[in-house]
Colleague: 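Below is the structure I would like to discuss, written out as structure tokens.
Letters A, B, ... are given to chains in the order of the sequence lines, protein chains preceding strands, and every chain is numbered from 1.
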Protein chains: 2
Amino acid sequence: MEALAEYFKVFSEPNRLAVLEALRQGSLNVTAVVEATGLSQALVSKHLKLLTIAGVVRRRPEGSLVYYQVFDRGVFRLLALAEKQLQASRQQQLTALQSVL
Amino acid sequence: MEALAEYFKVFSEPNRLAVLEALRQGSLNVTAVVEATGLSQALVSKHLKLLTIAGVVRRRPEGSLVYYQVFDRGVFRLLALAEKQLQASRQQQLTALQSVL
DNA sequence: ATCCAGTATAATGTTTTCGTGATAATACGA
DNA sequence: TCGTATTATCACGAAAACATTATACTGGAT
């Protein structure tokens, strides 16, 4: 439960999701992610490190570049399901409103 | 993306997951949740409020009691899938270790 | 009207988390 | 070897999240 919460925390940050989204297409080095997201280099580096430690992303140095790629693309299914549940929750928010108005 | 991150944040807290877990069995009032989780009353109230605002949980006052229940049990599928991906990520953490040792 | 149980909120202090700017570390080419 | 490009880390300040204690609010019973 503790660990699960930690895992969810990984995806609870917009910029981190943006980095993941950039990596959806495949393997990218840091500057490519920087350009794709528009975030600062330091920030991207931090998020990538966190994602790596979390085991979501894989780090592969190649010469002076460092490529990152999503380890298990199943995470995108998780993101998709979350998106779907998010829709369902919006429904609830509406019905909650109705019971007030 | 912004909204999705917010949604993930809902599940990124151990105590909140504990509250959700308590509500897996069905509808419970606040004190029942307090007893099931061992958390303080104020804390449970806060988490329930957050879950309600997030649209994950539904609030139903009955006399002086207030019952809460999970709105769309699909969230449990989300939790299960996350758990599964968590396992996959552990795999990556191991292989990451191997490339170091 | 009062008291009590159940629930919600407010105020507060502590800890995390985020982002930035500057700097280090590394690999490569001239 | 020196300079440059790429990536990682450090130090810091600001903002957000959490838990706790105390207090308010509500409905029902006496």
Colleague: Should A:S64 be listed as having a side-chain N or O under 4.0 Å from OP1 or OP2 of C:dT26?
Modeller: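 Result: no.
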Colleague: Can you work out whether B:H47 or B:Q41 has the more 5'-proximal nearest nucleotide on DNA chain D?
Modeller: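 Its nearest nucleotide being more 5', the pick is B:H47.
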Colleague: Is a side-chain N or O of B:E62 found less than 3.5 angstrom from the main chain of B:Y67, in a donor-acceptor match?
Modeller: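 Not confirmed, B:E62 side chain does not pair with B:Y67 backbone.
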Colleague: Does B:F71 belong to the same Ile/Leu/Val/Met/Phe/Trp/Tyr cluster as B:L23, with side-chain heavy atoms less than 4.5 Å apart forming each link?
Modeller: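 B:F71 and B:L23: separate clusters.
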Colleague: Kindly say whether A:L48 contributes a backbone atom to a donor-acceptor pair with the side chain of A:R59 at under 3.5 angstrom?
Modeller: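 A pair under 3.5 Å: no.
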Colleague: Which is true for B:T31 with a 4.0 Å heavy-atom rule: it touches a base, it touches only sugar-phosphate, or it touches nothing?
Modeller: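 Sugar-phosphate contact only.
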Colleague: How many Å lie between CG on B:L43 and C1' on C:dT9, as a whole number?
Modeller: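 It works out to 14 Å between those atoms.
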Colleague: Strictly below 4.0 Å: does B:N29 bring a side-chain N or O up to OP1 or OP2 of C:dG6?
Modeller: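 Checking B:N29 against C:dG6: no side-chain N or O falls below 4.0 Å of OP1 or OP2.
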Colleague: Assigning hydrophobic clusters by single linkage (Ile, Leu, Val, Met, Phe, Trp, Tyr; side-chain heavy-atom cutoff under 4.5 Å), is B:L50 placed with B:L4?
Modeller: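 Yes, because B:L50 and B:L4 connect within a single hydrophobic cluster, where side-chain heavy atoms sit under 4.5 Å apart.
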Colleague: Among C:dA8, C:dT9, C:dG6, which nucleotide sits nearest the side chain of B:L65?
Modeller: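 The listed nucleotide nearest to B:L65's side chain is C:dG6.
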Colleague: I need the residues from residues 11-24 of chain B with at least one non-hydrogen atom less than 4.0 Å from DNA chain C; give them sorted by number, or say none.
Modeller: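 Per residue number, the list is empty: none.
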Colleague: Using whole Å, report how far CD1 of B:I53 lies from P of C:dA8.
Modeller: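 Value for this atom pair: 12 Å.
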Colleague: With no hydrogens and no angle check, is any side-chain donor or acceptor of B:R24 less than 3.5 Å from a backbone partner on B:R73?
Modeller: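 No, B:R24 side chain to B:R73 backbone: no donor-acceptor pair under 3.5 Å.
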Colleague: Using whole Å, report how far CG of B:L50 lies from P of C:dA8.
Modeller: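 Roughly 13 Å, once rounded to whole Å.
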Colleague: Nucleotide range of DNA chain D contacted by chain A, 5' to 3', under 4.0 Å to a heavy atom?
Modeller: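 Contact span on the strand: D:dT6 to D:dA11.
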Colleague: How would you label the contact of A:K46 with the nucleic acid (heavy atoms, under 4.0 Å): base, sugar-phosphate, or nothing?
Modeller: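 Base contact.
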Colleague: Using a cut-off of 4.0 Å on non-hydrogen atoms, how would the nucleic acid contact of B:Y68 be classed: base, sugar-phosphate, or nothing?
Modeller: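 Result for B:Y68 = sugar-phosphate.
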Colleague: For the hydrophobic clusters of this structure (ILVMFWY residues joined by side-chain heavy atoms under 4.5 Å, transitively), does one cluster hold both B:V34 and B:V66?
Modeller: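 Same cluster.
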Colleague: Nearest whole Å is fine: how far is C:dT7 C1' from B:E35 CD?
Modeller: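 Roughly 14 Å, once rounded to whole Å.
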Colleague: Are any of the side-chain heavy atoms of B:L28 and B:Q69 separated by less than 4.5 Å?
Modeller: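 Not in contact.
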Colleague: Would you please say whether a donor-acceptor pair under 3.5 Å links the side chains of B:T52 and B:R58?
Modeller: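 No, because no side-chain N or O of B:T52 sits under 3.5 Å from a partner of the opposite role on B:R58.
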Colleague: Work out which heavy atom in A:A82 is nearest to a heavy atom in B:Y7; give both atom names and the distance.
Modeller: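 Heavy-atom minimum between the residues: O-CE2, 3.7 Å.
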Colleague: Of A:K9 and A:E62, whose nearest nucleotide on DNA chain C comes first from the 5' end?
Modeller: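 Looking at the nearest nucleotide for each, A:K9 comes out on the 5' side.
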